[in-house]
Asks: 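The following block contains the structure, expressed as structure tokens.
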Amino acid sequence: MRSTSFHRSGTVLTAEIVDGDGPPLVIVPGVMSDAATWRPVVERLGLPNPVVTINRRGRVPSGPLGPDYSVRTEVDDLHHILDALGGAVELFGWSYGGLIALEAACERPDLRSLIAYEPVSAPFAPAAIPALRAAVDRGDLDAAVGLVNTDVSGFSAEYVAALRESPAWAVLRPLAAPLPTELEAINVYPANLQRYRALTVPVTLLLGELNANAEPYGTAFDRIADALPQARIDLLPGQGHLAHAQAPQLLARHIAATVGARTGQEPEEIGSTGR
């Protein structure tokens, strides 16, 4: 694995790359994640393809969000990286990264495929933003990590207490710093979901079985799935929104099966629902 940098309008964007042969698989993480948090999935993919995991802005060693940050900023960042890679990639986005990937896909004809794992769109947990903003503004990243797990993801106080005692807590603290700004950006972004119907690139939507029809991830998923009747839907059995952390082998198998089908490898049967 190696690191590389992309420079756009004075901002450094970085990515972790696993070299290989064939079209690259580009991974766009969402909030509270970076390239490092996706290594357990990347290490289990077993694909010959190069894998490029983006450190979006706001994640070290990439640059800050910037004063005029918006979803548009993220989409243009992704375009810049895809252009540098040659464009014809297999694109994967998780959560906010799924929204970024979908928006970019609508604006370029050269993608080979798109996988979006529980992409989000407005409205998305708007009630949680004021408390998250207050916590980050006063420098209390511990409170911000707790709030995103309870007020956004719906985990119990007991779950958060156990998480706080785990090594993951130290990883999550710095990732909470850009969180309120990112959530604000999602909630003011006028995504035109109906234009997703015009996408001709093969699209696969991944849904954690535990989030089906549940706020906020399942309902956000339903809005986007309704706008993509042409998409294939794969269920992640026994999972919610965090399969990259809780079941990386399972998630890697789903991604590898989809990409493998595109690159001529024999995909494994893993429980697609189809459409």
Side-chain angles (χ1 to χ4, degrees), residues 1-19 23-39 42 50-111 114 116 119-122 124 129 132-133 135-139 141 144-145 148 171-192:
M1 184 177 294
R2 60 184 175 89
S3 297
T4 192
S5 298
F6 306 86
H7 297 264
R8 175 177 174 260
S9 302
T11 296
V12 177
L13 305 170
T14 66
E16 293 184 353
I17 298 181
V18 175
D19 291 319
L25 168 63
V26 177
I27 296 175
V28 188
V31 302
M32 297 295 291
S33 70
D34 60 2
T37 61
W38 281 84
R39 287 175 194 161
V42 172
V51 181
V52 181
T53 310
I54 297 171
N55 271 314
R56 294 190 297 102
R57 57 176 66 212
R59 287 137 184 85
V60 175
S62 292
L65 297 186
D68 300 317
Y69 177 80
S70 67
V71 174
R72 184 73 249 173
T73 305
E74 295 281 5
V75 174
D76 289 342
D77 283 352
L78 180 55
H79 280 313
H80 180 78
I81 293 172
L82 295 181
D83 288 344
L85 294 172
V89 308
E90 315 283 348
L91 186 59
F92 172 89
W94 169 68
S95 195
Y96 182 22
L99 173 64
I100 295 164
L102 280 162
E103 290 294 297
C106 289
E107 298 172 355
R108 56 188 310 132
D110 55 352
L111 297 180
L114 171 62
V120 299
S121 64
F124 183 73
I129 295 174
L132 285 166
R133 170 59 64 195
V136 170
D137 286 352
R138 67 176 182 266
L141 296 181
V145 174
V148 70
V171 175
L172 294 173
R173 289 184 78 259
L175 294 172
L179 176 60
T181 302
E182 291 176 315
L183 289 182
E184 288 164 353
I186 293 168
N187 277 286
V188 300
Y189 183 69
N192 179 5

Asks: What are the two closest heavy atoms between A135 and A144, and how far apart are they?
Replies: CB-N, 4.0 Å
Asks: What distance separates E90 CD from L114 CG, expressed to the nearest 0.5 Å?
Replies: 10.0 Å
Asks: Would you say the side chain of D76 lies within less than 4.5 Å of the side chain of R8, judging by non-hydrogen atoms?
Replies: yes
Asks: Have a look at R56 and tell me which of D34, L78, T73, V28 forms a side chain to side chain contact (heavy atoms under 4.5 Å, CB included) with it.
Replies: V28
Asks: Say whether S5 and T14, considering side chains only, have a donor N or O and an acceptor N or O under 3.5 Å apart.
Replies: no
Asks: Assess whether salt bridge (Lys or Arg N to Asp or Glu O under 4.0 Å) is satisfied between E182 and R59, documenting all intermediate values.
Replies: CA-CA 12 Å; E182 291 176 315; R59 287 137 184 85; 3.0 Å; yes
Asks: About how many Å separate CD1 of I17 and CZ of R2, when rounded to the nearest 0.5 Å?
Replies: 4.0 Å
Asks: Between I54 and I27, is any pair of side-chain heavy atoms under 4.5 Å apart?
Replies: no
Asks: Kindly list each side-chain donor-acceptor pair under 3.5 angstrom involving residues 80-87, sequence neighbours excluded, with atom names and distances?
Replies:
| residue | atom | partner | partner atom | Å |
| --- | --- | --- | --- | --- |
| H80 | NE2 | H7 | O | 2.9 |
| D83 | OD1 | R108 | NH1 | 3.2 |
| D83 | OD1 | R108 | NH2 | 2.8 |

Asks: If you compare all heavy atoms of I186 against all heavy atoms of S121, which two are closest, and at what distance to 0.1 Å?
Replies: CG2-C, 4.0 Å
Asks: So, using salt bridge (charged side-chain N to carboxylate O under 4.0 Å, His left out) as the criterion, who are the partners of R39 when residues are at least two apart?
Replies: E16
Asks: Measure the NE2-CD distance between H79 and E74 for me, rounded to the nearest 0.5 Å.
Replies: 12.0 Å
Asks: Quick one, V42 and T53 - any side-chain contact, counting heavy atoms below 4.5 Å?
Replies: yes
Asks: Where the side chain of N187 meets the backbone of F124, is there a donor-acceptor pair that is under 3.5 Å apart?
Replies: yes
Asks: For side-chain contact (heavy atoms from CB on, under 4.5 Å), just list the numbers for L25 and V52, CA-CA rounded to whole Å, side-chain angles, deciding distance to a tenth of an Å, and then say yes or no.
Replies: CA-CA 6 Å; L25 168 63; V52 181; over 6 Å; no
Asks: Please report the shortest heavy-atom distance between N55 and P61, naming the atom on each side.
Replies: ND2-CD, 3.8 Å
Asks: Please list every donor-acceptor pair under 3.5 Å in which a side-chain atom of residues 92-105 meets a protein atom from a residue at least two apart or in another chain.
Replies:
| residue | atom | partner | partner atom | Å |
| --- | --- | --- | --- | --- |
| W94 | NE1 | H241 | O | 2.9 |
| S95 | OG | H241 | NE2 | 2.9 |
| Y96 | OH | Y69 | OH | 2.8 |
| E103 | OE1 | Y189 | OH | 2.6 |
| E103 | OE1 | R195 | NH2 | 2.7 |
| E103 | OE2 | Y196 | OH | 2.5 |

Asks: Indicate the atoms forming the closest heavy-atom contact of V145 with A176, along with that distance.
Replies: CG2-CB, 3.9 Å
Asks: Do the charged groups of R57 and D77 touch, with an N to O distance under 4.0 Å?
Replies: yes
Asks: Looking at S33 and G30, what are the two nearest heavy atoms and their distance?
Replies: OG-O, 3.0 Å
